[in-house]
Amino acid sequence: MSIVVTGATGQLGRLIVASLLDRGVPADEIVAVGRDVDRLAGLAERGVVTQRADYDDAESLQAAFAGAEKLMFVSGSEVGRRLVQHGNVVTAAKAAGVGLVVYTSIAKADTSSLVLAAEHKATEQLILDSGLPHVFLRNSWYLENYTAQLPTYLRHGVAGAAGDGRVSAATRADFAEAAAIVLTTEGHTNRVYELGGAPFTMTELAAEVSRQSGNTVSYLDLPVDKLAELLVATGVPEGYAAVLADGDRGLAQGELAVGDDLAKLLGRTPTTLAEAIRAAL
């Protein structure tokens, strides 16, 4: 059996490879793919097959997917370019006769109004149109999106445009483990999983940071446009600031709150917000 993991130089892709190894998949049956093979050296040292492939280079994808039974298709990171890039991946997977494509999508991709969801929805349609057996892993936000900002929260508080909306964030490691389970167990073909942890509001996030740090941290709710302006003022590029602010708009409308598919796949409770903050402080 050969499992190809794209985006293996990224944080999620690397964790998926590690989870596959932890689940007993022989290293020589995993092909870790990325644009910079040097960044895959650590995996190569563990016996994982590494190969260069670029979402913009159709020939490199075809070579990487040759003989693959399963493809772990980690979505690209270049917003605005992903549909063309993802089309190259789907075309190469179809040509290689891949038996199963597992794609990392976004929560509620088929109905979401988030700017970030459009390319995911279109990619899901490309996969459906290809006729390839597939699994859609619709991941909500990463808990690391929040724990990485703990120093800022402690200095300035939590600011957003999420209102009382709840987000089912989970750790990258939990999303990666779920992907590895889907790749190594039966009964998932043509399924859609809405993945996330226990939902929380930004007010609850601020309260948990306060509780664990001993400092008073509050949540400031802003209009979407004002949040974008604040982000730009802190150095975030204007286009990216607009995408982040739009994410909070969707969060406020419930577009990032999902059910318990992740817990069911893992067979345990996903890492909680409190646990993630404790580990990061």
Side-chain angles (χ1 to χ4, degrees), residues 2-20 30-44 48-107 109-110 112 114-139 141-142 172 175-176 178-180 182-183 192 195 237 239-240 243 247:
S2 174
I3 301 175
V4 175
V5 180
T6 70
T9 55
Q11 295 180 78
L12 180 61
R14 187 177 296 273
L15 286 169
I16 291 171
V17 173
S19 291
L20 289 170
I30 303 171
V31 182
V33 174
R35 284 184 289 193
D36 184 354
V37 177
D38 289 342
R39 293 175 60 191
L40 299 172
L43 295 175
V48 173
V49 179
T50 62
Q51 188 159 345
R52 182 198 171 277
D54 188 325
Y55 288 168
D56 288 310
D57 182 349
E59 290 186 5
S60 71
L61 294 168
Q62 292 169 9
F65 298 169
E69 180 182 342
K70 298 179 181 179
L71 171 64
M72 181 65 243
F73 177 10
V74 178
S75 57
S77 60
E78 297 179 64
V79 177
R81 290 187 43 78
R82 290 190 289 190
L83 188 54
V84 171
Q85 294 175 332
H86 290 181
N88 290 336
V89 174
V90 174
T91 298
K94 179 74 172 179
V98 171
L100 182 69
V101 176
V102 181
Y103 174 65
T104 59
S105 190
I106 195 172
D110 55 338
S112 176
L114 267 66
V115 169
L116 281 177
E119 289 173 312
H120 288 293
K121 180 179 181 179
T123 300
E124 288 188 5
Q125 191 60 54
L126 286 174
I127 295 171
L128 291 170
D129 291 345
S130 76
L132 287 163
H134 60 273
V135 183
F136 295 151
L137 303 180
R138 292 178 174 169
N139 296 344
W141 274 188
Y142 298 135
R172 284 190 183 89
F175 285 131
V182 166
L183 287 162
V192 176
L195 300 181
Y240 187 46
V243 169

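Sequence positions, counted from 1, serve as the residue numbers for this chain.
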Taking all non-hydrogen atoms of both residues, which atom of V98 and which atom of P133 are closest, and how far apart?
O-CD, 4.5 Å
What's the verdict on side-chain contact (heavy atoms from CB on, under 4.5 Å) for L100 and K70, showing C-alpha distance, side-chain angles and the deciding distance?
CA-CA 5 Å; L100 182 69; K70 298 179 181 179; 4.1 Å; yes
First locate atom CD of Q51, then atom OG1 of T6, and finally report the distance between them rounded to the nearest 0.5 Å.
12.5 Å
Taking every heavy atom of G87 against every heavy atom of L126, the minimum-distance pair comes out as CA-CD1, 3.9 Å
Should V48 and L20 count as side-chain neighbours, where that means a heavy-atom distance under 4.5 Å?
no
What's the spacing between L128 CG and T123 OG1 if we round to 0.5 Å?
11.0 Å
Do Y240 and V79 have side chains that get closer than 4.5 Å, going by heavy atoms?
no
Does L183 reach the side chain of V102, with side-chain heavy atoms less than 4.5 Å apart?
yes
Where the side chain of K94 meets the backbone of S130, is there a donor-acceptor pair that is under 3.5 Å apart?
yes
Side chains of L137 and V182 in contact at under 4.5 Å (non-hydrogen atoms)
yes
Atom pair CG (N88) and CG (D54), whose distance is rounded to the nearest 0.5 Å
9.0 Å
For atom CD of Q11, decide whether the heavy atoms of other residues, nucleotides or ligands shown that lie under 6.0 angstrom number more than 12.
no
Between the main-chain N or O of T9 and the side-chain N or O of R39, is there a donor-acceptor pair closer than 3.5 Å?
yes
Point-to-point distance, once rounded to the nearest 0.5 Å, from CG of L132 to CG of L71
9.0 Å
For L40, is there any backbone N or O sitting under 3.5 Å from a side-chain donor or acceptor partner on T50?
no
Mind listing the closest non-hydrogen atom pair of A92 and F65 along with its distance?
CB-CD1, 3.6 Å
So how far is it from K121 NZ to F136 CZ, rounded to the nearest 0.5 Å?
12.5 Å
Show your reasoning for whether side-chain contact (heavy atoms from CB on, under 4.5 Å) applies to H120 and S75.
CA-CA 8 Å; H120 288 293; S75 57; 3.5 Å; yes
Return the minimal non-hydrogen interatomic distance between A107 and S112, and the atom names on each side.
O-CB, 4.0 Å
Could you state the interatomic distance from CZ (F175) to OG (S19), rounded to the nearest 0.5 Å?
13.0 Å
Kindly indicate whether the side chain of I127, heavy atoms from C-beta on, has any atom under 4.5 Å from the side chain of D129.
no
Where do A64 and V4 come nearest, in terms of heavy atoms and distance?
O-CG2, 3.7 Å
Take the angle between the ring planes of Y103 and F73 and call it parallel below 30°, perpendicular above 60°, tilted in between.
tilted
The test is side-chain contact (heavy atoms from CB on, under 4.5 Å); show your working for M72 and I30 and say whether it passes.
CA-CA 10 Å; M72 181 65 243; I30 303 171; over 6 Å; no
Just by modelled atom types, is the L195 backbone N or O under 3.5 Å from a matching donor or acceptor in the N139 side chain?
no
Is there a side-chain contact between Y142 and L12 (heavy atoms, below 4.5 Å)?
yes
Run R138 and V192 through side-chain contact (heavy atoms from CB on, under 4.5 Å) and show every step you take.
CA-CA 7 Å; R138 292 178 174 169; V192 176; 3.6 Å; yes
Checking side-chain polar atoms at under 3.5 Å, does E69 have a donor or acceptor matched by the opposite partner on S2?
no
Does the pair E119/R81 count as a salt bridge with the N-to-O cut at 4.0 Å?
no
Minimum heavy-atom distance S105-E124, with the two atoms named
OG-OE2, 2.7 Å
Less than 4.0 angstrom from a charged side-chain N to a carboxylate O is my criterion; do D57 and R35 meet it?
no
